[in-house]
Amino acid sequence: MPPRARSAWFRTLGLLVLLLASATVVGLLLGYPFQVLTATALGIVAWHYWRLRKVLTRLTARQRLGPSNGKGVWNELDRLLYRGQAEMRGRKRRLMEMLRAYRAAATAMPDAIVVVERNSQRIQWFNESGTRLLGLRYPDDIGTSLVQRLQPLPLAHWMAAGRNAEALETMSPLNPAVTLSLRLIPYSENLWLLVARDVSRLLQLEQMRRDFVANVSHELRTPLTVIHGYLDMLDPEEQPDWAPMLAEMQRQSQRMTQLVEDLLTLSRLESQDRLQGEEVVSMASMLNTLRREAMALSQGRHNIEVDDAVDLDLYGSSKELHSAFSNLVSNAVRYTPVGGRIEIALRADDHGGAVLQVSDSGYGIPASHLPRITERFYRVSTSRSRESGGTGLGLAIVKHVLNLHEATLEISSEVGRGSVFACRFGPSRVRRRDGTPDAAKSDSTASAC
């Protein structure tokens, strides 16, 4: 108990004892001790009830009442209540100011923000951009079903996914020419946050970039073919002094031709939403092809091993998968010193999928570069990449091919000890060489057990 409250308590208790003692003395002098003591006690109780009524009045009054003066316990209680009410009003004022600031910030955001109840999917609140992008009207749409209100957008199955719902790109219900990116964010136990962003401009810029790269690459292909043809017609033996220059020109023209081909491949992959012409890809034949390509590129300078210990094939595009795997193998050969080891292995994982792994004992990649290693034209070492003849697009092609196959690329590396590139495929992309899906085979085996 604080010193001031303790002092008020003892002061009130002492006053009570003094009054009762005085009443006892007066009663003895008058000859009626019990009657005087009883009347005094009733007066004390009445006085306490009167002070209690003042406390209740303070607690229920809407206007601000100042604390009463005095040093008794009731005055101290009155003062503490006044201080508590003042602090509570201060906290309430600060909370209201914060709420107004958050509401103003949410209102000013260009993205549409809609608060949706989790179970009923009814709209609880939305900002002004919700009206501009989604066509919601305040207050008519408060309490209505979001799915029904935004028909014909495909929101029912998407919202049913809840926390697992990925970003959804769909047309605006107000303007079919506008594309919206929708995200569902659970931010409490019973409420979800729907965020809608206009990505039309971004998609247009991305399409312009793709068209530009594709058009420029096509336009460069013809002059490069002509230059390469004329260079082939020149005989270094006729002009020995020109031999080094002709060799360098041929090397650079071939490198630029490869760059154009990679740009066209990457542009084609980026424009695809899904694979076309899927088939069962024979991994035994694929691994043999990769071995031959690696040995031809290495020319006996590396120790190349192929491990095909599992009876698995993949389902997808043979051409695209060969392009991705070949890029990984060629990178391993280019960035591994003479005498190094390169291993190409196909293995099964613990979840019914498959992993094609290309490992080497090369220079390795610093950890700071790994997050950006699959970006187009990103180079760990510019001089080394130019010496090896790389275009800087190989891993970007690998990433896009694997994305189309619903697969992932995992990279682990240590400087001076080599790198491991693992292409991880899910069970839906794996087939046993007897013709059955690996996942189905596992399910049948489990049920039999």
Side-chain angles (χ1 to χ4, degrees), residues 59-62 84-207 273-274 351 403-404 406-408 426-428 439:
L59 292 174
T60 56
R62 294 185 178 274
Q85 288 176 335
E87 293 176 352
M88 183 175 64
R89 284 192 295 268
R91 287 194 299 269
K92 183 178 179 180
R93 182 171 56 254
R94 289 191 296 270
L95 289 175
M96 290 298 295
E97 292 174 354
M98 292 175 60
L99 181 60
R100 293 191 188 97
Y102 285 133
R103 185 181 290 271
T107 302
M109 290 186 64
D111 299 339
I113 300 176
V114 185
V115 178
V116 184
E117 189 178 357
R118 176 180 180 181
N119 296 327
S120 64
Q121 297 182 355
R122 296 186 180 277
I123 302 173
Q124 302 297 314
W125 180 85
F126 55 88
N127 62 351
E128 292 182 1
S129 296
T131 302
R132 179 173 55 86
L133 295 179
L134 300 175
L136 300 177
R137 299 186 302 273
Y138 183 86
D140 298 341
D141 291 330
I142 298 297
T144 61
S145 172
L146 179 68
V147 175
Q148 295 178 359
R149 179 62 186 82
L150 297 183
Q151 287 182 348
L153 298 186
L155 297 183
H157 295 291
W158 179 68
M159 294 192 67
R163 297 179 182 274
N164 299 322
E166 298 181 355
L168 173 66
E169 289 188 359
T170 182
M171 66 178 182
S172 168
L174 299 180
N175 186 1
V178 175
T179 302
L180 299 178
S181 176
L182 306 182
R183 293 186 61 192
L184 193 61
I185 305 173
Y187 75 98
S188 72
E189 185 176 354
N190 298 318
L191 296 176
W192 285 345
L193 203 66
L194 176 69
V195 180
R197 174 174 296 179
D198 185 358
V199 294
S200 303
R201 182 60 177 168
L202 294 177
L203 294 179
Q204 291 174 1
L205 293 175
E206 182 66 18
Q207 187 61 44
D273 295 330
R274 56 189 179 87
H351 305 286
N403 286 340
L404 291 174
E406 301 171 355
T408 57
S428 61

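Arg91 places a side-chain heavy atom less than 4.5 Å from the side chain of Arg94. Side-chain contact between Ile185 and Trp192: absent, with no pair of heavy atoms (C-beta onward) separated by less than 4.5 Å. At a threshold of 4.5 Å between non-hydrogen side-chain atoms, the residues Leu150 and Leu136 count as touching. The closest side-chain heavy-atom distance from Leu191 to Gln124 is below 4.5 Å. In this structure, Leu180 and Val199 have side chains that are not in contact, with every pair of non-hydrogen atoms separated by 4.5 Å or more.
Side chain of Arg149 to main chain of Gly135: a donor-acceptor pair is present (N/O by atom type, distance under 3.5 Å, no hydrogens or angles). With hydrogens and angles ignored, the 3.5 Å screen pairs no side-chain donor or acceptor of Asn127 with any backbone N or O of Ala104.
Considering every non-hydrogen atom in both Phe126 and Thr131, the closest pair reads CE1-OG1, 3.7 Å. Across all non-hydrogen atoms, the minimal contact from Asp111 to Ser129 is O-CB, 3.5 Å. What you find for Ser181 and Ala167 is that their closest heavy atoms are OG-CB, 4.3 Å. Contact detail for Val178 and Ser200: the closest heavy-atom pair is CA-OG, 3.2 Å. Shortest non-hydrogen contact noted between Leu194 and Leu182 is CD1-CB, 4.3 Å. The nearest pair of heavy atoms linking Arg132 to Leu174 is O-CD1, 3.3 Å.
Residues Glu117 and Ser120 bring a donor and an acceptor atom of their side chains to less than 3.5 Å of each other.
Atom-to-atom distance recorded for Arg197:CZ and Leu202:CG is 8.5 Å, nearest 0.5 angstrom. To the nearest 0.5 Å, the span separating NZ on Lys92 from CG on Leu99 amounts to 12.0 Å.
Counting heavy-atom neighbours within 6.0 Å of Arg183 CZ, excluding the residue itself, gives a total of 12 or less.
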Derivation of the side chain to side chain contact (heavy atoms under 4.5 Å, CB included) call for Ile123 and Val115: CA-CA 6 Å; Ile123 302 173; Val115 178; over 6 Å; no

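Evaluation of the side chain to side chain donor-acceptor pair (under 3.5 Å) test over residues 167-180, restricted to residues two or more places apart or in two chains, returns none.
Tested against Met96 for a side-chain contact (heavy atoms from CB on, under 4.5 Å), the candidates Met98, Arg100, Arg93 yield a single pass: Arg100.
The side-chain hydrogen bond (donor to acceptor under 3.5 Å, both in side chains) test applied to Arg122 returns no partner, not counting sequence neighbours.
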